[in-house]
Visitor: 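Dumping the structure here so I can ask a few things about it.
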Protein chains: 2
Amino acid sequence: MSDIDISTATVSRLPRYLHAAVDLAADKEATVSSEQLAALTQVNPATVRRDLASLAITGRRGVGYDTAYLVYEISNALGLNQESPVAIVGAGNIGRALCNYLGFSERGFPIRLVLDSDQAKVGKPVGDLTVQSMDDLEELVQAHSIELGIIATPAEYALTVAERLVRAGVTSLLNFTTQMLDLGNHAVVRKVDLATELQILSYFGQRLGTTSAEAASQI
Amino acid sequence: MSDIDISTATVSRLPRYLHAAVDLAADKEATVSSEQLAALTQVNPATVRRDLASLAITGRRGVGYDTAYLVYEISNALGLNQESPVAIVGAGNIGRALCNYLGFSERGFPIRLVLDSDQAKVGKPVGDLTVQSMDDLEELVQAHSIELGIIATPAEYALTVAERLVRAGVTSLLNFTTQMLDLGNHAVVRKVDLATELQILSYFGQRLGTTSAEAASQI
DNA sequence: CGGTGTGAATTTGTTCACAGCT
DNA sequence: AGCTGTGAACAAATTCACACCG
C-alpha cells in the first residue's frame with residue numbers, strides 16, 4: 001500500500017514510537033527530540049533517528065520532530081489509516097478476556113466477531129458481542145471484512161481454524177495456542193505464548209548481576 | 001548459575017526447541033535431526049545446529065540429537081530445573097484469565113499469588129486461589145519465594161507495583177500494562193502488548209504478496 | 001549415506017561521532 | 001546552540017557450503 005519496505009527491526013519499534021508520540025501529542029507537546037523519544041521508548045537515540053529517517057520522517061535541526069507529524073507518518077507506515085476489524089475464535093478464558101479488553105478498539109482494532117464451536121456457548125453475550133457459531137465462520141468473516149484473526153481455541157483445532165480463516169480472507173493471525181502454524185505465504189502469524197515469555201524471563205532473571213539487564217526488554 | 005552466556009537471539013529460540021523436543025520425547029522419538037527440528041520450529045537448520053552447539057549440546061553424525069538429552073540440556077540452560085513460583089498483581093479481566101490458564105503450572109511456573117488493591121475483590125476465589133490484599137504484598141512475596149511477577153493492573157499503578165515487587169525480591173516481570181517500566185538493572189522486564197502485536201501484524205499482513213511472509217513469525 | 005559441526009561469507013542491525021542545517 | 005542526518009566502524013546474527021565422522 002505505502003512505500004518501500006522497512007527493516008523488521010525497525011517495524012518492531014514503530015509501535016513504541018507511535019505510542020510515545022500519541023501521548024506527547026495528547027499532552028500538547030509540539031515537538032520531541034530523538035533523545036527524549038529514545039528515553040521514552042528505551043532505544044538508543046541514534047537508532048531512533050535512523051528508524052525515522054528510514055520512514056522518510058524528517059525533523060528540524062536544533063528542534064526535533066513534530067509530534068503530530070510523527071503520529072501521522074508512523075500510523076501511515078504501519079497501515080493504521082483505517083480500522084482493521086478483528087475476529088476472535090474461541091470463547092474460553094482467553095477469548096473472553098480479550099473480548100473484554102478495550103485496548104484493541106482504542107487502538108484501531110475493533111473486535112467484531114467471537115466464535116465458538118460449543119453450541120452451549122453460542123448465543124451467550126461476551127462484552128458487547130454475542131458468541132456466534134463456528135459453522136458460519138466463512139460467511140461472518142466475509143460479511144464483516146475481517147482482516148485479522150485471533151486464535152484462542154484448544155491447540156488441536158488451531159491449524160484447521162487458521163486455514164478456514166485464511167481461506168475466508170484473513171491475512172494476519174495472532175496465535176494463542178501452543179501449536180505452530182505454518183500457512184505458507186498465505187498469512188502472517190504471530191505466536192503469543194506466555195509460558196515461553198516466562199522461560200525467557202527466567203533465563204535473564206537468573207543472570208541479572210552477570211549480564212546487562214535490559215537485554216530482554218524487547219518486543 | 002549455569003554456564004557462559006548464550007546470545008539473546010539463541011535464548012529466544014530455546015523455548016521452541018524445548019517444546020518440540022518435549023513433544024518428540026513424549027511420542028517416543030529417540031532422536032531428531034536438525035532438519036526435522038528446524039521444520040518444527042520454523043528456523044533454519046544451520047541456525048538450529050549453531051544454537052545447540054552454543055549450549056555445548058552435541059548430536060551424533062549421521063543420526064541426529066537425542067531428544068531426552070535435548071530436553072534435559074535446554075531446560076538446564078534456561079534454568080528450568082526447578083519450579084519458579086509466580087505472583088499475579090491485578091485481578092481484573094486479564095489477571096483472572098491468567099490465573100485460570102493452566103499452561104503456566106504445566107510448564108514449571110505455578111501461580112501462587114493473586115493480589116488486588118480493591119477490597120471488594122479481596123477474599124474472592126479465582127481459579128484455585130483467593131485474591132489477597134496488595135497491602136500484604138511484600139510479606140506474601142517473601143513467604144512464597146516469588147521470583148516472577150505478572151503486572152496486570154491499570155497502567156497508572158504499574159510502576160509503583162513493579163518497584164514494590166522488585167524490592168520484595170522479584171527479579172523478573174511480565175508487564176501487561178501500556179506503561180514502560182524501567183527498573184534499571186534490578187529486574188528484567190518483558191512487555192506484552194497485544195495491540196502492538198496487532199500493529200506489527202497489520203504491517204506484514206498488508207505486504208503479504210510483496211515481501212516474504214514468515215518474516216513476522218518470531219517471538 | 002546421512003547427518004553434524006564449523007570456518008568463512010554475507011546480511012542485518014547498532015552505535016559513534018561529527019558535519020551541517022536552522 | 002542544539003538538534004538532525006548519515007558516513008563509517010563495529011557488532012551480532014544468519015546462512016552457505018563442505019570437511020568430517022559414525
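Numbers restart at 1 for each chain; the letters A, B, ... are given by sequence-line order, proteins then strands.
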Visitor: Side-chain N or O of A/Tyr65 versus OP1/OP2 of D/dG5: is the shortest distance under 4.0 Å?
Guide: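 True: A/Tyr65 side-chain N/O within range (under 4.0 Å) of D/dG5 OP1/OP2.
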
Visitor: For residues 17-46 of chain B, which residue pairs pass the salt bridge (Lys or Arg N to Asp or Glu O under 4.0 Å) check, not counting sequence neighbours?
Guide: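 Qualifying pairs: none.
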
Visitor: In whole angstrom, what separates A/Asn44's CG from C/dA17's P?
Guide: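 Distance, rounded to whole Å: 12 Å.
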
Visitor: Which residues pass the salt bridge (Lys or Arg N to Asp or Glu O under 4.0 Å) test with B/Asp193, not counting sequence neighbours?
Guide: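 Scan of B/Asp193 (salt bridge (Lys or Arg N to Asp or Glu O under 4.0 Å), adjacent residues dropped) gives A/Arg107, B/Lys191.
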
Visitor: Atom CG of A/Leu52 to atom P of D/dC3: distance rounded to whole Å?
Guide: 16 Å

Visitor: Tell me the interatomic distance from A/Asp5, atom CG, to C/dG13, atom C1', rounded to whole angstroms.
Guide: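 A/Asp5 atom CG is separated from C/dG13 atom C1' by 15 Å.
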
Visitor: Between atom CZ in A/Arg13 and atom P in C/dG13, what is the gap in whole Å?
Guide: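 Those two atoms, CZ and P, are 8 Å apart.
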
Visitor: Show me the pairs that pass salt bridge (Lys or Arg N to Asp or Glu O under 4.0 Å) and involve residues 77-106 of chain B, at least two apart or across chains.
Guide: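 For residues 77-106 of chain B: B/Glu83-B/Arg112.
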
Visitor: Closer than 4.0 Å, any side-chain N/O of B/Thr10 to the OP1 or OP2 of D/dA13?
Guide: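 So the side chain of B/Thr10 is outside the cut-off, no N or O lying under 4.0 Å from OP1 or OP2 of D/dA13.
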
Visitor: Residues in ring pair (Phe, Tyr, Trp, His ring centres under 6.0 Å) with B/Tyr101, at least two apart?
Guide: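 Scan of B/Tyr101 (ring pair (Phe, Tyr, Trp, His ring centres under 6.0 Å), adjacent residues dropped) gives B/Phe104.
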
Visitor: Rounded to whole angstrom units, what separation is found between the CG atom of A/Asp51 and the C1' atom of D/dT6?
Guide: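 In whole Å, D/dT6 C1' and A/Asp51 CG are 14 Å from each other.
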
Visitor: For B/Val71, does its backbone N or O pair with a side-chain atom of B/Ser75 as donor and acceptor, under 3.5 Å?
Guide: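 Yes; at least one donor-acceptor contact below 3.5 Å.
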
Visitor: Roughly how many Å is it from CG in B/Leu70 to P in C/dG3, rounded to a whole number?
Guide: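 Atom CG in B/Leu70 sits about 15 Å away from atom P in C/dG3.
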
Visitor: Which residue, A/Ala46 or A/Ala9, contacts DNA chain C at a nucleotide closer to its 5' end, judged by nearest heavy atom?
Guide: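 The 5'-side residue here is A/Ala9.
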
Visitor: Going by side-chain hydrogen bond (donor to acceptor under 3.5 Å, both in side chains), name the pairs with one or both residues in residues 56-65 of chain B, residues two or more places apart or in two chains.
Guide: none

Visitor: Just the rounded figure in Å: distance from P of D/dT6 to CD1 of A/Ile57.
Guide: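 Checked: the CD1 to P distance equals 14 Å.
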
Visitor: Do any of residues 30-37 of chain A sit with a heavy atom less than 4.0 Å from DNA chain D, and if so which?
Guide: A/Ser33, A/Ser34

Visitor: Could you note down all residue pairs passing salt bridge (Lys or Arg N to Asp or Glu O under 4.0 Å) where residues 36-45 of chain A supplies at least one of them, sequence neighbours left out?
Guide: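 Sorted result for residues 36-45 of chain A: empty, none.
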
Visitor: Not counting sequence neighbours, list each pair that qualifies as a salt bridge (Lys or Arg N to Asp or Glu O under 4.0 Å) and has a residue in residues 41-51 of chain B.
Guide: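 Qualifying pairs, neighbours excluded: B/Arg13-B/Asp51.
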
Visitor: Distances under 3.5 Å only, N/O to N/O: pair up the protein atoms with those of nucleotides 7-11 of chain C.
Guide:
from, atom 1, to, atom 2, distance (Å)
C/dG7, N7, B/Arg50, NH2, 3.0
C/dG7, O6, B/Arg50, NH1, 3.4
C/dA8, N6, B/Arg50, NH1, 3.2

Visitor: Please list every donor-acceptor pair under 3.5 Å in which a side-chain atom of residues 148-166 of chain B meets a protein atom from a residue at least two apart or in another chain.
Guide:
from, atom 1, to, atom 2, distance (Å)
B/Arg164, NE, B/Glu138, OE2, 2.9
B/Arg164, NH2, B/Met134, O, 3.0
B/Arg164, NH2, B/Glu138, OE1, 3.0

Visitor: Using a 4.0 Å heavy-atom cut-off, does A/Ser7 contact any base of the nucleic acid, only the sugar-phosphate backbone, or nothing at all?
Guide: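 Touches sugar-phosphate only.
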
Visitor: Enumerate the protein-to-nucleotides 20-22 of chain D contacts in which both atoms are nitrogen or oxygen and the separation is below 3.5 Å.
Guide:
from, atom 1, to, atom 2, distance (Å)
D/dC20, O2, B/Arg61, NH1, 3.0

Visitor: Between B/Thr47 and D/dT14, is there a contact of a side-chain N or O with OP1 or OP2 at under 4.0 Å?
Guide: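 Checking D/dT14 against B/Thr47, no side-chain N or O comes under 4.0 Å of OP1 or OP2.
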
Visitor: Return the set of residues passing side chain to side chain contact (heavy atoms under 4.5 Å, CB included) with B/Asn44 (not counting sequence neighbours), or none when no residue passes.
Guide: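 Counting only residues at least two positions away or on another chain, B/Asn44 forms a side chain to side chain contact (heavy atoms under 4.5 Å, CB included) with B/Ala46, B/Thr47.
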
Visitor: Atom CZ of A/Arg49 and atom C1' of C/dC21: how far apart are they, to the nearest Å?
Guide: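 Rounding to the nearest Å, CZ of A/Arg49 and C1' of C/dC21 are 14 Å apart.
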
Visitor: Run through B/Thr171, B/Asp5, B/Val188 and flag the one making a side chain to side chain contact (heavy atoms under 4.5 Å, CB included) with A/Arg207.
Guide: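 Among B/Thr171, B/Asp5, B/Val188, the one that satisfies the side chain to side chain contact (heavy atoms under 4.5 Å, CB included) with A/Arg207 is B/Asp5.
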
Visitor: Pick the closest DNA chain D nucleotide for A/Val63 and for A/Ala53 by heavy atoms, then say which residue is nearer the 5' end.
Guide: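 Here A/Val63 is the residue nearer the 5' end.
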
Visitor: Indicate the atoms forming the closest heavy-atom contact of B/Leu14 with B/Ile6, along with that distance.
Guide: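 What the structure gives for the nearest pair is CD1-CD1, 4.3 Å.
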
